[in-house]
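Notes to accompany the following structure.
First listed ligand is number 1; within each ligand, the first listed atom is number 1. Given the structure is predicted, the values throughout are model-derived calculations rather than measurements.
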Amino acid sequence: MKPQYGIIGCGNISRFHFEGLRRAGADIIHISDIHESAARPYIEAFGAAYSADYRELIANPQVTVVSVLTSAKFHREICLAALAAGKDVICEKTMANDADEAEEIMRAAEASGQLFFNSYMKRFYPAVQQAKALLPRLGRLFSAQVRAYQRWEGQYYEHTDGSEHQWVLDGYGGAVVKCAGSHMIDMTLHLLGRPESLYANVDFIPGSQIDRKATALFEYADGLVASYETAIHPLDKIGHERDGWDESLEVNGTKGRIQVYTVKWDASEHRPALLVHYDNETGTSTEYRYDAIDPFHVEMQYFHDCLTQRKPGAPNHTDGFYVDVIIAAMMESSRRRASVDLDWRGR
Ligand SMILES: NC(=O)c1ccc[n+]([C@@H]2O[C@H](COP(=O)([O-])OP(=O)(O)OC[C@H]3O[C@@H](n4cnc5c(N)ncnc54)[C@H](O)[C@@H]3O)[C@@H](O)[C@H]2O)c1
């Protein structure tokens, strides 16, 4: 049966989901937002029903898939309700507020037998997919560097007590690690698998809970260490496109190196992500250049295909849980100023 979508949350991120699903030819039949004005343009565009209360959407027997696009603080409540009602779920990242909530969602998804996708769309850049395909050609991996620097408006390092940035905690439950860094944690897990332990330093605006920079070492069983850093920064023209977006991943092996450079998340249709592969046997570097695509569109088409064929896919509930485990361990490691063994809770 063709999936029938209900979308909960019509804020910033929703336009990418709506457009991706529209391109995939999906049926969006019910929309919920506590603010009708936010939902109105989509209700009209898709001829969908509207409810201010998301529970009405979940109770609609015609809806087979629920997309959860509210801020993460509501993900647990809404995902659990959708799964209990027998719906498949697409949930925006981060999957939950913390690792405990994420575990609860993961176990509920597994127990339900429903399909569950956690939206980390950067996996769907062709450059990232090609990077994964090239990894076996790098030989034994011994080192990786991962960076997620984003230019945000406002003062984060000087003359601030943090109160002007409270919106980010209210909306997302954290600042740079949750908003920017989580994607590159997912990409590191996607390409390199799960580390055994990590050591982190998280830098907060003094006297606040606003994390403005986080540095970590992810330590793997075979000796591979990935150094990771995410930061809000004030610089205008850094990064590979010199537009203030400075996000990259480099992996070094005994036979070669790959470097991936991503582009500004909400303007991907203008600029493509870049992949460079250095092959030590031939001594040649290859730049993989692609047409600019929006990874949300690729991701939505993929989720829609999985849901139509009723086949599991990734990133899923386990991937979302893994990212939240890493974030929790980074916070703990920084607090304790000690290395932390990662507890994958039986996974
Ligand atoms: N993939 C990415 O690069 C990316 C970028 C930005 C945001 N996000 C994620 O997307 C999610 C949403 O972020 P956003 O920036 O769109 O937030 P937002 O605040 O702009 O939008 C959230 C919407 O949900 C609505 N809402 C809140 N509670 C609700 C409820 N109980 N029922 C129905 N509607 C409700 C709000 O009214 C609002 O319109 C977050 O998890 C965030 O981390 C991902």
For [X], atoms of ligand 1 separated by under 4.0 Å from a heavy atom:
X      : result
Phe74  : 27 (C), 28 (N)
His75  : 41 (O)
His35  : 37 (O)
Tyr172 : 13 (O), 14 (P), 15 (O), 17 (O), 42 (C), 43 (O)
Ser32  : 33 (C)

Do the side chains of [X] and [Y] get close enough for a salt bridge, i.e. N-O under 4.0 angstrom?
X      : Y      : value
Lys93  : Asp186 : no
Glu19  : Arg22  : yes
Arg347 : Glu110 : yes
Asp88  : Arg310 : yes

What pair of heavy atoms forms the shortest contact from Ser67 to Tyr5, and how long is it?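 So the two residues come closest at OG-CD2, 4.3 Å.
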Hey, could you give me each pair passing side-chain hydrogen bond (donor to acceptor under 3.5 Å, both in side chains) that has a residue in residues 6-15? Not counting sequence neighbours.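 Of all non-adjacent pairs touching residues 6-15, none passes side-chain hydrogen bond (donor to acceptor under 3.5 Å, both in side chains).
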So which heavy atom in the protein is nearest [atom], and how far is it from that ligand atom?
atom                    : result
atom 7 (C) of ligand 1  : Ile13 CD1, 3.9 Å
atom 12 (C) of ligand 1 : Leu69 O, 3.3 Å
atom 21 (O) of ligand 1 : Gly11 CA, 3.2 Å
atom 30 (C) of ligand 1 : Ile34 CG2, 3.9 Å
atom 31 (N) of ligand 1 : Tyr54 CD2, 4.0 Å
atom 26 (N) of ligand 1 : Thr70 CG2, 3.8 Å
atom 24 (O) of ligand 1 : Gly9 CA, 3.5 Å
atom 44 (C) of ligand 1 : Glu92 OE1, 3.2 Å

Protein heavy atoms near atom 19 (O) of ligand 1, is at least one of them under 4.0 angstrom away?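 No, there is no protein heavy atom closer to it than 4.0 Å.
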Polar contact flag for [X] and ligand 1 (N/O pairs, less than 3.5 Å):
X      : result
Asp33  : yes
Asn12  : yes
His183 : yes

Distance flag, aromatic centroids of Phe74 and Tyr54, threshold under 6.0 Å: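 Centroid distance Tyr54-Phe74: not below 6.0 Å, so no.
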Taking the ring centre of each residue, are Tyr288 and His277 less than 6.0 Å apart?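 Centroid separation for Tyr288 and His277: 6.0 Å or greater.
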Candidate list Glu299, Glu247, His183, test side chain to side chain donor-acceptor pair (under 3.5 Å), partner Lys122, passing option: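 Of the listed options, the one satisfying the test is Glu247.
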Using side chain to side chain donor-acceptor pair (under 3.5 Å) as the criterion, point out the one residue from His233, Glu229, Lys213 that pairs with Tyr149.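 The residue from His233, Glu229, Lys213 that satisfies side chain to side chain donor-acceptor pair (under 3.5 Å) with Tyr149 turns out to be Glu229.
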Distance-only, no hydrogens or angles: does the Arg242 side chain make a donor-acceptor pair with backbone N or O of Gly239 under 3.5 Å?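 Present.
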Heavy atom of Phe296 under 4.0 Å from ligand 1?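 For ligand 1, residue contact (heavy atoms, under 4.0 Å) with Phe296 is present.
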How does Cys10 reach ligand 1, by side chain, by backbone, by both or by neither, if only non-hydrogen atoms under 4.0 Å count?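 It is the backbone that gets close, since no side chain atom is under 4.0 Å.
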Nearest non-hydrogen contact with atom 43 (O) of ligand 1 belongs to which option: Met121, Lys93, Glu36, Arg15?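 When every heavy atom of Met121, Lys93, Glu36, Arg15 is considered, Lys93 comes closest to atom 43 (O) of ligand 1.
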So, using side chain to side chain donor-acceptor pair (under 3.5 Å) as the criterion, who are the partners of Lys178 when residues are at least two apart?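 Thr94.
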